[in-house]
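Input: a single structure, listed below in structure tokens.
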Amino acid sequence: MTLSPDVIAALAKRLDEAEQRACPITKITADHPDMDWADAYAVQDELRALKEARGVRVMGLKMGFTSLAKMEQMGVREPIHGFITDERALTGRADLAMTGLIHPKVEPEIAFLTNRDLGSPECGIEEVLAATGAIFPALEIIDSRYEGYRFDLKSVVADNTSAAGYALGGACESFADIDLKRLEVTVEKNGELVSRASGEAALGHPAQSLATLANMLARRGGFIPAGTLVLTGGLTEAVAVQSDDTIAIRFQEIGDLALRIH
Ligand code: OOG
Ligand code: MG
């Protein structure tokens with residue numbers, strides 16, 4: 001670690017205020033170029049504590065940058081993780097208010113709900129699937145708290161991986177016969193197809209996303225507890241949205257989601 005506890009607390013407060021005021025800030029590494037990974041996750045942990053202290057509920061975990069499409073869009077190379085909350089926990093057909101958001105984007109994801117702890121550093125796809133009670137068609141709303149939506153990996157980790165909300169479709173409990181690698185998804189914006197992908201875009205298999213998360217948490221002495229909802233990462237590029245847009249996300253076999261922005 002290179003940052004003192006006081007600096008970490010101040011940075012978390014800065015990010016929290018930027019989010020609450022919907023007012024972007026310069027990326028943290030501009031002022032703290034030596035910030036390391038441990039510092040970045042420590043700021044994220046502090047941000048989580050600040051939110052929980054004012055009554056925000058943590059609903060689960062998320063992986064970011066699991067697909068090439070997302071990595072190339074943002075110019076980064078490695079997966080990262082964050083948490084999701086009840087601040088914008090929507091259902092599969094929902095309205096999203098622009099109020100409180102800076103420059104939101106939406107991305108299609110597959111969500112997993114675990115029913116067993118996942119903590120081994122060697123965790124793999126089979127172990128994840130055996131520990132999954134349900135999967136969901138999902139979308140994530142992301143909204144960087146940084147000016148111009150520009151950041152580097154450590155800054156975006158501190159900013160809880162741009163998390164701003166999510167929507168889940170219906171639970172799918174009988175997924176054993178679904179080939180999650182080949183599961184296709186399309187994204188339409190205002191009735192036009194803007195992108196498509198399949199499940200393998202997420203690290204080769206969406207279950208690998210949880211395996212990688214378990215590995216990353218194990219390195220910090222943590223694990224994915226049973227009963228955790230995990231967003232496995234955007235399968236396509238994220239789509240910028242503004243008032244009056246409509247987004248339709250259609251997953252083969254597991255269901256659709258729709259969002260109206262106002
Ligand atoms: C960072 C969040 C990445 C994903 O699914 O890849 C992410 C960002 O793109 O702002 O949530
Ligand atoms: Mg995401």
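Order of appearance sets the numbers: ligands from 1, and atoms from 1 within every ligand.
A salt bridge links R250 to E188: at least one charged side-chain nitrogen sits closer than 4.0 Å to a carboxylate oxygen.
Nearest to the Mg ion (ligand 2), among the N, O or S atoms that E107 has, is OE2.
The distance from ligand 1 to the heavy atoms of M74 drops below 4.0 Å at these ligand atoms: 9 (O). Under a 4.0 Å criterion applied to the non-hydrogen atoms of E109, ligand 1 contributes the atoms 5 (O). Near G234, with a cut-off below 4.0 Å to any heavy atom, the atoms of ligand 1 are 4 (C), 5 (O), 6 (O). With ligand atoms numbered from 1 in the order given, ligand 1 contributes 10 (O) to contacts under 4.0 Å with heavy atoms of Y149. Near F151, with a cut-off below 4.0 Å to any heavy atom, the atoms of ligand 1 are 8 (C), 10 (O). Of all atoms in ligand 1, numbered sequentially from 1 with element shown, those under 4.0 Å from a heavy atom of K62 are 2 (C), 7 (C), 11 (O). The contact set between ligand 1 and G233, taken as ligand atoms under 4.0 Å from a residue heavy atom, comprises 5 (O).
From R260, atom CZ reaches atom OG of S243 across 10.0 Å, with rounding to the nearest 0.5 Å. Atom CZ of F65 and atom CE of M71 lie 9.0 Å apart (nearest 0.5 Å). Here the straight-line distance linking atom CZ of R220 with atom CG of N215 works out to 14.0 Å at 0.5 Å rounding.
R54 CZ: more than 12 foreign heavy atoms inside a 6.0 Å radius.
Donor-acceptor pairing under 3.5 Å is lacking for the side chains of D34 and T2. In the model, D152 has a side-chain atom that pairs as donor or acceptor with a side-chain atom of S155 under 3.5 Å. Between the side chains of K62 and T161, at least one donor N or O sits under 3.5 Å from an acceptor N or O.
Where the criterion is an N or O separation shorter than 3.5 Å, residue side chain and backbone included, F65 meets it with respect to ligand 1. For I142, no nitrogen or oxygen atom sits less than 3.5 Å from a nitrogen or oxygen atom of ligand 1, counting backbone and side chain alike.
Residue-ligand proximity: M63 is placed with a non-hydrogen atom under 4.0 Å from ligand 1.
The Mg ion (ligand 2) forms the vertex of an angle spanning OE1 of E140 and OE2 of E109; to the nearest 10 degrees it equals 100°.
In this structure, atom 8 (C) of ligand 1 lies nearest to the protein heavy atom S162 OG, 3.5 Å. Scanning the protein for heavy atoms near atom 2 (C) of ligand 1, the closest one is T161 O, 3.1 Å. Of the protein's heavy atoms, K70 NZ, 2.8 Å lies nearest to atom 9 (O) of ligand 1. The single protein non-hydrogen atom nearest to atom 7 (C) of ligand 1 is E107 OE2, 3.3 Å, given as residue, atom name and distance.
For the side chain to side chain contact (heavy atoms under 4.5 Å, CB included) criterion with S195, the lone passing option out of V187, I249, T186 is V187. I25 pairs in a side chain to side chain contact (heavy atoms under 4.5 Å, CB included) with only one of the listed residues (R14, E17, E19), which is R14.
Alongside F223, the hydrophobic cluster contains no other residue (criterion: ILVMFWY side chains under 4.5 Å).
Here Q73 has no heavy atoms under 4.0 Å from ligand 1, in either its backbone or its side chain.
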